[in-house]
Engineer: 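This is the structure, below, for whatever I ask next.
Just so we're on the same page: letters track the sequence lines, and every chain starts at 1.
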Amino acid sequence: MRLIISEKANAARKIAQFLAEGPVKEGKHRSVPYHTFTWRGEECVSVGLKGHVLNPEYPEEYSNWQKVDPRELIDARILKSVSEKGVAAAVRSLAKKADRVIIATDFDREGELIGVEALSLAFEANPALMDHVERARFSALTKGEVTRAFENLVEVSRELADAGEARQDIDLIWGATLTRWVSRAVKRYGSAFLSVGRVQSPTLVLIAERELERRAFVPEPYWEVEARLQNGGGPFVARHARGRFKEEAEARRALENLSETAVVTEVRQREATRPAPAPFNTTAFLTAAANIGVSPSRAARIAEDLYTEGYISYPRTDNTVYPESLDLREVLGFLAEVEGVGDYAGRLLGAGRLTPTRGRRQTTDHPPIYPTGRASRAELREDQWKIYQLVVRRFLATLSGPAKTLRTTLRFESGGEPLVAGGTVVTEEGWLAVYHYGRRRDEELPRLSEGDEVRVAEAELLAKETQPPGRYGQGRLIRLMEDLGLGTKATRPGIIQNLYDRGYIHGDPIVPTETGMAVAKALKDFASEIASHEMTARLEKSMDAISEGRVSKDSVVEESRELLRRVYDHLESSEEKFADIVWNGIRGDETLGPCPNCGRNLVVRRNRRNRKRFAGCEGYPECRTTFPLPQKGDIIPLGTACEACGLPEIKVLGGRRPWVTCINMDCPKKQEQRRSREETQAGGEEPSEGQRDRKRLEKSTT
DNA sequence: GCAAGGTC
């Protein structure tokens with residue numbers, strides 16, 4: 001029997017269907033499905049893994065963080081433990097009955113490594129297989145590609161797998177060694193540990209540096225002159241053509257010069273075409289999801305569910321060009337019955353030739369993300385429906401014509417001052433009709449011609465300030481990581497989520513905590529190698545060299561160890577400074593704001609006996625001011641004061657969603673909210689946000 | 001209680 005091993009259940013099933021001469025028999029080893037069929041007169045069994053089935057880890061004797069010197073991890077042996085017990089058992093069991101094995105995992109570095117991992121399980125069960133291994137390399141899960149690959153079997157590439165293994169080892173060695181060193185230096189044990197890694201640390205540094213830019217930013221004041229003009233119809237807004245005035249006096253003079261009327265001096269119209277968007281690859285999908293308020297990690301999770309339920313295609317792809325083999329009309333056929341887009345899909349079907357847009361990147365491993373099945377709102381959860389709609393609408397947009405817009409610019413003269421008004425309207429909807437996300441409202445301007453006179457109904461001076469660069473949203477960060485080669489399409493959402501879970505960042509757009517800022521700074525100062533995205537770039541080059549047989553895996557890993565030893569030495573010699581930086585950050589996250597009684601800081605403290613936390617004055621015992629704090633969830637000091645009582649405000653993470661409150665249980669605002677709750681409760685209505693906050697504060701402090 | 005990479 002020939003055993004065919006692929007990377008995932010779905011691929012195993014499809015391979016069986018494509019190759020089978022006759023029926024495919026379904027079987028199961030415990031819960032792992034496999035497929036038996038005949039190919040070229042020979043019995044074959046196709047089984048799918050679950051990605052990596054082995055995980056690198058250190059031997060048991062290194063498991064104590066306090067007792068083991070982290071330096072030992074640099075040279076410690078690395079074991080591979082089975083991480084998917086069920087799958088491993090199925091592979092071993094099937095291997096016993098096999099006389100040949102074909103590796104059919106994904107055609108990339110990790111795929112080759114996953115194949116080699118599976119082989120180690122197969123050989124364990126049946127050593128005779130060692131001389132009977134072949135590799136099927138296909139880059140698309142289509143009948144044509146798969147049959148071609150199986151008719152042209154090649155050898156497993158030990159070099160390619162080695163490249164993957166070098167990546168694994170280096171990530172574990174650096175990650176584990178530095179995570180433990182930092183956690184020890186700062187004395188953060190248990191769940192409070194501080195993590196460090198090749199991808200997460202440079203990502204944290206990106207966020208921290210943006211925050212530093214914001215802090216260093218000096219806002220400059222400027223003034224604008226805005227006028228409300230009217231010509232019979234509704235009023236519209238025009239601004240002084242100079243835009244930003246740096247001097248208030250100049251702006252005021254311009255404002256005062258304006259007369260009661262303005263005369264049109266120029267009417268300009270410009271047409272523009274907005275081409276339909278390219279098909280979804282993972283990054284574009286995650287970014288679009290983030291823009292409609294679904295975090296990348298949640299979007300990835302939901303897409304995975306929709307994929308396994310058959311609603312959308314495989315969600316991890318770099319491809320932005322639909323393959324020839326994709327039957328666009330068939331997809332439109334079932335979309336014609338989907339709520340909200342049915343009519344649109346029907347019209348596309350009836351309109352004749354379909355010309356989908358194409359993105360820059362064309363790969364053949366997977367198609368771009370597109371809908372594969374009809375769904376109704378009733379059968380999906382609300383967030384699943386939102387994501388399904390996004391994929392469906394994107395697909396329809398890629399088959400639609402461009403949108404056309406008309407930009408009108410009106411110039412006026414009033415009391416010798418030039419004014420300008422602009423507005424854009426959509427003249428031809430095209431794809432915008434179905435893909436409405438982030439669509440701007442039309443800005444209508446009245447139809448005016450040169451020489452027309454309008455009334456200046458109102459004019460005012462606006463005092464503004466230049467703004468610092470914005471914080472990264474999660475979608476923006478995903479794109480930035482891709483540009484810098486950090487992480488992969490499959491891991492980026494998780495990496496970002498980790499930064500949240502470790503207490504390095506919060507909010508969206510992303511705000512680093514003081515601890516996150518401090519860890520980023522300390523790593524940059526004393527272990528700059530792990531703080532830069534260039535480590536990944538160099539690793540990629542080394543991995544190419546390994547896979548091309550130019551260098552050995554061992555020499556690359558050894559060289560990396562050597563570098564880490566030097567980094568480690570430097571860290572050890574700067575341990576105090578390193579720890580001080582991070583402690584300062586941690587203290588920053590525990591500083592809530594000024595004490596109302598003495599002006600010193602209120603900080604998060606714990607009761608010695610019951611370990612419960614509270615806000616206490618750092619002037620203790622001179623000042624004995626305290627306030628209760630919620631016991632559950634992380635507390636983020638906001639640095640703001642409650643407008644009602646003046647006490648510090650905090651954000652509490654954990655629970656279903658973060659909530660913001662001041663630390664004062666007797667705040668007049670809360671009392672006000674409690675009163676209105678009593679009133680509305682009499683009327684049988686929902687309690688408001690503030691009342692729930694009060695309840696939570698009370699509950700968590702008792 | 002370490003990382004990052006697959007996949008559910």
Engineer: Please report the distance, rounded to the nearest Å, between CG in A/Asp106 and C1' in B/dG5.
Structural biologist: 12 Å
Engineer: Going by heavy atoms closer than 4.0 Å, what residues in residues 376-384 of chain A are next to DNA chain B?
Structural biologist: none
Engineer: Specify the residues of residues 66-78 of chain A, ordered by number, for which at least one heavy atom lies under 4.0 angstrom from an atom of DNA chain B.
Structural biologist: none
Engineer: Are any of the side-chain heavy atoms of A/Leu306 and A/Ile302 separated by less than 4.5 Å?
Structural biologist: yes
Engineer: Give a yes/no on whether any side-chain N or O of A/Arg167 is located under 4.0 angstrom from OP1 or OP2 of B/dA3.
Structural biologist: no
Engineer: Select from A/Val53 and A/Ser63 the residue whose nearest nucleotide in DNA chain B is closer to the 5' end of that strand.
Structural biologist: A/Ser63
Engineer: Kindly say if A/Arg188 contacts the phosphate of B/dG1, meaning a side-chain N or O under 4.0 Å from OP1 or OP2.
Structural biologist: no
Engineer: If you look at every strand shown and take non-hydrogen atoms under 4.0 Å, does A/Arg180 touch a base, only sugar-phosphate, or nothing?
Structural biologist: base
Engineer: Between A/Ser191 and A/Gly51, name the one whose nearest nucleotide on DNA chain B is closer to the 5' end.
Structural biologist: A/Ser191
Engineer: Let me see the working for A/Arg502 and A/Ser195 under side chain to side chain donor-acceptor pair (under 3.5 Å), right down to the final yes or no.
Structural biologist: CA-CA 8 Å; A/Arg502 301 274 192 262; A/Ser195 67; 2.9 Å; yes
Engineer: Send over the distance from A/Met481 CE to B/dG5 C1', rounded to a whole Å.
Structural biologist: 13 Å
Engineer: Quick one: A/Lys489 NZ to B/dT7 P, roughly how many Å, whole number?
Structural biologist: 8 Å
Engineer: Within residues 535-552 of chain A, find the residues that approach DNA chain B with a heavy atom at under 4.0 Å, and present them sorted by residue number.
Structural biologist: none
Engineer: At 4.0 Å (heavy atoms only), tell me whether A/Thr177 reaches a base, stays on the sugar-phosphate, or touches nothing.
Structural biologist: nothing
Engineer: Filter on salt bridge (charged side-chain N to carboxylate O under 4.0 Å, His left out), then keep only pairs touching residues 64-73 of chain A, sequence neighbours left out; what's left?
Structural biologist: A/Arg71-A/Asp569, A/Arg71-A/Glu572
Engineer: If I take atom OH in residue A/Tyr58 and atom C1' in nucleotide B/dC2, what distance separates them, rounded to the nearest angstrom?
Structural biologist: 9 Å
Engineer: Could you check how far CD of A/Glu482 sits from P of B/dG5, rounded to whole Å?
Structural biologist: 13 Å
Engineer: When all nucleic acid strands are considered with a 4.0 Å heavy-atom cut-off, which category describes A/Gly48: base, sugar-phosphate, or nothing?
Structural biologist: nothing
Engineer: Under 3.5 Å, is there a donor-acceptor pair between the A/Tyr311 and A/Glu379 side chains?
Structural biologist: yes
Engineer: Whole angstroms only, please: what is the CH2-C1' distance between A/Trp65 and B/dG1?
Structural biologist: 5 Å
Engineer: Please determine, by modelled atom types, if A/Arg316 and A/Thr282 share a side-chain donor-acceptor pair under 3.5 angstrom.
Structural biologist: no
Engineer: Taking OP1 and OP2 of B/dC8, is either one under 4.0 Å from a side-chain nitrogen or oxygen of A/Lys50?
Structural biologist: no
Engineer: For A/Asn498 and B/dG1, give me the distance from atom CG to atom P, rounded to whole Å.
Structural biologist: 15 Å
Engineer: If I take atom CG from residue A/Asn281 and atom CZ from residue A/Arg361, how far apart are they, to the nearest 0.5 angstrom?
Structural biologist: 8.5 Å
Engineer: In whole Å, what is the span from the NZ atom of A/Lys85 to the C1' atom of B/dC8?
Structural biologist: 17 Å
Engineer: Would one find a side-chain N or O of A/Tyr314 under 4.0 angstrom from OP1 or OP2 of B/dT7?
Structural biologist: yes
Engineer: Heavy-atom count check: over 12 atoms from other residues, nucleotides or ligands less than 6.0 Å from A/Lys521 NZ?
Structural biologist: no
Engineer: For the rings on A/Phe578 and A/Trp181, is their centre-to-centre separation under 6.0 Å?
Structural biologist: yes
Engineer: Check every strand shown and say whether A/Arg184 touches a base, only sugar-phosphate, or nothing at a heavy-atom separation below 4.0 Å.
Structural biologist: nothing
Engineer: When you look at NZ of A/Lys524, are more than 12 heavy atoms from neighbouring residues, nucleotides or ligands closer to it than 6.0 Å?
Structural biologist: no
Engineer: Could you give the distance from OG1 (A/Thr203) to CG (A/Leu484), rounded to the nearest 0.5 Å?
Structural biologist: 8.5 Å
Engineer: Is the phosphate of B/dT7 approached by A/Arg301 (side-chain N or O, under 4.0 Å from OP1 or OP2)?
Structural biologist: no
Engineer: List the steps, then state whether side chain to side chain donor-acceptor pair (under 3.5 Å) holds for A/Glu7 with A/Thr105.
Structural biologist: CA-CA 5 Å; A/Glu7 194 156 320; A/Thr105 46; 4.7 Å; no
Engineer: Look at A/Thr491 and B/dG5 and indicate whether a side-chain polar atom (N or O) is within less than 4.0 Å of OP1 or OP2.
Structural biologist: yes
Engineer: Applying side chain to side chain contact (heavy atoms under 4.5 Å, CB included), name anything that partners A/Ser555, two or more places apart in sequence or on another chain.
Structural biologist: A/Val551, A/Ser552
Engineer: Tell me whether A/Arg492 is salt-bridged to A/Glu482, with the criterion being a basic N under 4.0 Å from an acidic carboxylate O.
Structural biologist: yes
Engineer: Measuring to OP1 and OP2 of B/dA3, would you say a side-chain N or O of A/Gln168 lies under 4.0 angstrom away?
Structural biologist: no
Engineer: May I have the step-by-step check of salt bridge (Lys or Arg N to Asp or Glu O under 4.0 Å) for A/Glu540 and A/Arg109, ending in yes or no?
Structural biologist: CA-CA 11 Å; A/Glu540 286 290 339; A/Arg109 195 162 55 216; 3.4 Å; yes
Engineer: Can you say whether a donor on the side chain of A/Asn55 sits under 3.5 Å from an acceptor on the base of B/dA3, or the other way round?
Structural biologist: yes
Engineer: For DNA chain B, find the residues of residues 107-125 of chain A with a heavy-atom distance under 4.0 Å and give them by number; none if there aren't any.
Structural biologist: A/Glu110
Engineer: Can you see if the side chain of A/Thr488 gets near the phosphate of B/dG6 - specifically, an N or O under 4.0 Å from OP1 or OP2?
Structural biologist: yes
